[in-house]
Amino acid sequence: MTAERTEVVTTTDLVVGGMTCAACVTRVEKRLAKIEGVSATVNLATGRARVLHPAYVTSGDLVAVVERAGYRAEVPAPPEPARDRAPAEPAEGAPGGEEVRRLVITAVLSVPVLVLSMAPALQFRNWQWLCFVLAAPVAVWGSLPFHTRAVRGLRHAAATMDTLVSLGVVASFSWSAYALFLGGAGDPGMRMPFSLLPSAGGGVAHIYLEAAVGVPLFVLTGRFLESRARRGTGEALHSLADLAAKDVTVREDGHERSVPIGQLRVGQEFVVRPGERVATDGVVSSGGSAVDLSLVTGESEPVEVGPGQAVIGGAVNAGGLLLVRATAVGADTQLARITHMVTEAQAGKARAQRLADTVAGVFVPVVLALAVTVLGFWLGAGADPQAAVTACVAVLVVACPCALGLATPTALLTATGRGAQLGLLVSGPRALETLRHVDTVVLDKTGTLTTGHMTVARVTAVPDGVGPERALWLAAAVEQGSEHPLGRAVVAYHRQESYGRPPGEVSDFRATAGIGVTGVVEGHRVEVCAAGADLHPSLDRALAEAEAAAHTPVLVRVDGADQALIALGDVLRPGSYRAVDRLRRLGVEPVLATGDREATASRVAAALGITDVHAHCSPEDKARLVRELRAQGRRVAVIGDGVNDAGALAGADLGIAMGSGTDVAIGAADVTLVRGDIEAVADAVELARRTLGTIRANLVWAFGYNVVTVPLAAVGMLNPMVAAAAMSMSSVMVVANSLRLRTWRPAPQSHRAGTGSRARGTGR
């Protein structure tokens, strides 16, 4: 029974509150993983957990486990349209409400204590007692969130960053109280010099009220700045969500009415006036305009659209009046899929972050043990008790696992959001890591290097056959069900040349990837397939001419007999040459694999400077080529846009799909180029390398900071207040470094232009 129940795996997202460092992340993941069949990935930057679990484990069970671990958890509410959302309550540690008030009051009370403690010339009679009165609320109320979470963790046998901060504040304040009441520091005329290095001696116990207020002040300030910066890392995702329209003007029976976007249905027609956003994905029914896709796909130039052409929800109508028929609504729209893919990508973890989380899981207990060891060592060595306490407190305060937990997710949040703005959708950390190391790219031709906007150049029929017009009519009838650019070109050409005569009805339609299509039209078996070597003699010359012109020859057979040869032409995508050149400069070798004939493939390869060419490739051949390249030790990416590319995409180290391609290709890919610009491949490689470089820098800082500062604190060379400031700024610096990715830009547009002169007719 149990084996049957675990077959169905469900994904549940949880919003987890109360996490403050990477140790919290590790604790939540381990607690959830104790349930049989459950695995979880927790993201500190977003405060979310992605949980994979058997269907019989309910979301309530998951919430209960997280709460028993000492944290808050809930299942997030379904997303609402951006303009319908009420202002959200600030998340844990977010810069709002009670947290801001706590920070302000703590600062007001702490500043006089810091000034008097650090400036001996300002110390008046009984100054230390005034500082004590001001410091007491800070040590108790100002530090209450740290104390509360530390006690909560203690009840659950867990130690986190809050445990270290709480112990540091309690130790500093307790020692100061002892010194004031019992150690002689309460004498009215007492003066205390300040030094960045801890000092002791003189017969009078020193007070550390500046540490007792400085630790919570600097930590609260650091988390305030950190939370503001972390909100900035997800800004791109918020901007995508805000593109969704709230209302739409629907036209029915000649009348217009405004309805909420949620009531729009597939097939309904809606109006898009100049300056308005397209409410959802659709096809233009009437009108013409230029639409700005920059916020959706990263396409910088407005795109002209007219009747029969597709438009994307979220695009801005820059010109005329459009009447659009909805083809997708809600979660099925391209904008919704983009937003979902970015969200999914941000839920993952890079390999380096998993190492950091493993370290963070034992970090706090190790620091606590080290602090106790330092205290015992100094006391055992005969040192002054206050010097021992100072070193112990400094070790507690300076250690910082927060930066370890933020190193990867903040960079990933920023990079995936920035990529989405530029029309690059990355499925997750694994894709970024693989993309960075790719050294070989297998390129499809039609729809990838070429525009895929094929057109019929010539129709040649055999003598005494059905004739060119009927051959075209029969081919268009069968190709109506095809998704391939060649098939769409045949149908479009027939529509243009037939003066309104529709293609015939087809039955028993079958499509064979990489070969062609077949069906029955008016009782005749019609095949439209790649032209082979064994042709009707009258078609040999037409075949040679098509190849000489770099056209793709397609054979039309009726009831098993050759009837006509259709030559179709295509042109290179603007930027294809530049894209191949940039890939080579990045150390990535391009390989062309196409189902076309040798002559056509060679012409395209020569135009782009590609030397490794594989023609006559079936889907199985492409998949085999990928396996062979990987067996040679290469890290292979495959770029394609059709059903015949899906096997190779899935079998490669990394699959890259053109956004204009089929859903099968996009579903099998790790990276999607939404804007359909082949040069975006090089942009994606550069973004991946920049992101992984940022993550490495973050982790080097996070590990290096602790490697340097903890020993300094242990040997008594860090004042606890300075340690608190350093600890707080370490997390801020990690987040700030990640935020630099928000300004990353690919190669200048001027570098992308100028390839039009190289565009020429090509085959498939």
Side-chain angles (χ1 to χ4, degrees), residues 79-84 239-341 420-421 423 425 451-453 480 483 485 488 491-492 495-496 500 502 641 658-663 666 672-677:
E80 304 174 13
R83 299 174 197 172
D84 288 345
S239 66
L240 282 175
D242 289 340
L243 293 179
K246 176 183 177 182
D247 299 311
V248 58
T249 302
V250 176
R251 178 177 292 182
E252 295 176 334
D253 301 325
H255 299 287
E256 296 181 4
R257 60 189 179 92
S258 180
V259 300
I261 187 64
Q263 296 181 13
L264 184 66
R265 297 291 178 261
V266 173
Q268 284 186 299
E269 292 187 335
F270 59 93
V271 178
V272 187
R273 293 182 169 82
E276 293 182 345
R277 292 193 186 281
V278 178
T280 192
D281 295 356
V283 175
V284 177
S285 299
S286 64
S289 180
V291 292
D292 183 355
L293 299 170
S294 59
L295 294 177
V296 183
T297 68
E299 188 71 48
S300 59
E301 296 294 331
V303 177
E304 295 288 338
V305 295
Q309 293 183 295
V311 289
I312 300 174
V316 177
N317 181 8
L321 181 69
L322 294 175
L323 183 63
V324 180
R325 177 173 53 82
T327 57
V329 295
D332 296 327
T333 64
Q334 184 165 339
L335 178 61
R337 292 198 299 267
I338 291 173
T339 304
H340 176 73
M341 191 169 180
Q421 290 177 327
L425 295 186
T451 63
H453 298 155
Q480 289 180 93
E483 52 79 32
R488 293 198 295 264
V491 174
R495 186 184 299 117
Q496 174 186 337
D641 73 331
M658 304 297 289
S660 56
T662 64
D663 289 341
I666 294 173
T672 302
L673 310 179
V674 178
R675 68 177 186 254
D677 179 1

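Nearest heavy-atom pair across V284 and G306 is CB-O, 3.2 Å. Closest approach of V248 and P260 over heavy atoms only: CG1-O, 4.4 Å. Closest approach of V259 to Q263, counting heavy atoms only: CB-OE1, 4.0 Å. Nearest heavy atom pair, residue E276 against residue V271, reads OE1-O, 3.9 Å.
Considering CZ of R257 and CG of D247, their distance stands at 12.0 Å, rounded to 0.5 Å.
Side-chain contact between V278 and I312 is absent, with no heavy-atom pair separated by less than 4.5 Å.
S285 is linked by a side chain to side chain donor-acceptor pair (under 3.5 Å) to E269, counting only residues two or more places apart in sequence or in another chain. Remark: P307 pairs with no residue by the side chain to side chain contact (heavy atoms under 4.5 Å, CB included) rule, at least two apart or across chains. Partners of R273 by side chain to side chain donor-acceptor pair (under 3.5 Å), not counting sequence neighbours, listed by chain and number: E256. For R265, the side chain to side chain donor-acceptor pair (under 3.5 Å) test picks out no residue, with sequence neighbours left out.
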Exercise answer: donor-acceptor pairs, residues 320-328 side-chain atoms, under 3.5 Å, sequence neighbours excluded:
| unit_1 | atom_1 | unit_2 | atom_2 | d |
| --- | --- | --- | --- | --- |
| T327 | OG1 | D281 | O | 3.3 |

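Among residue pairs with one or both ends in residues 302-318, those qualifying as side chain to side chain donor-acceptor pair (under 3.5 Å) are S289-N317; sequence neighbours excluded.
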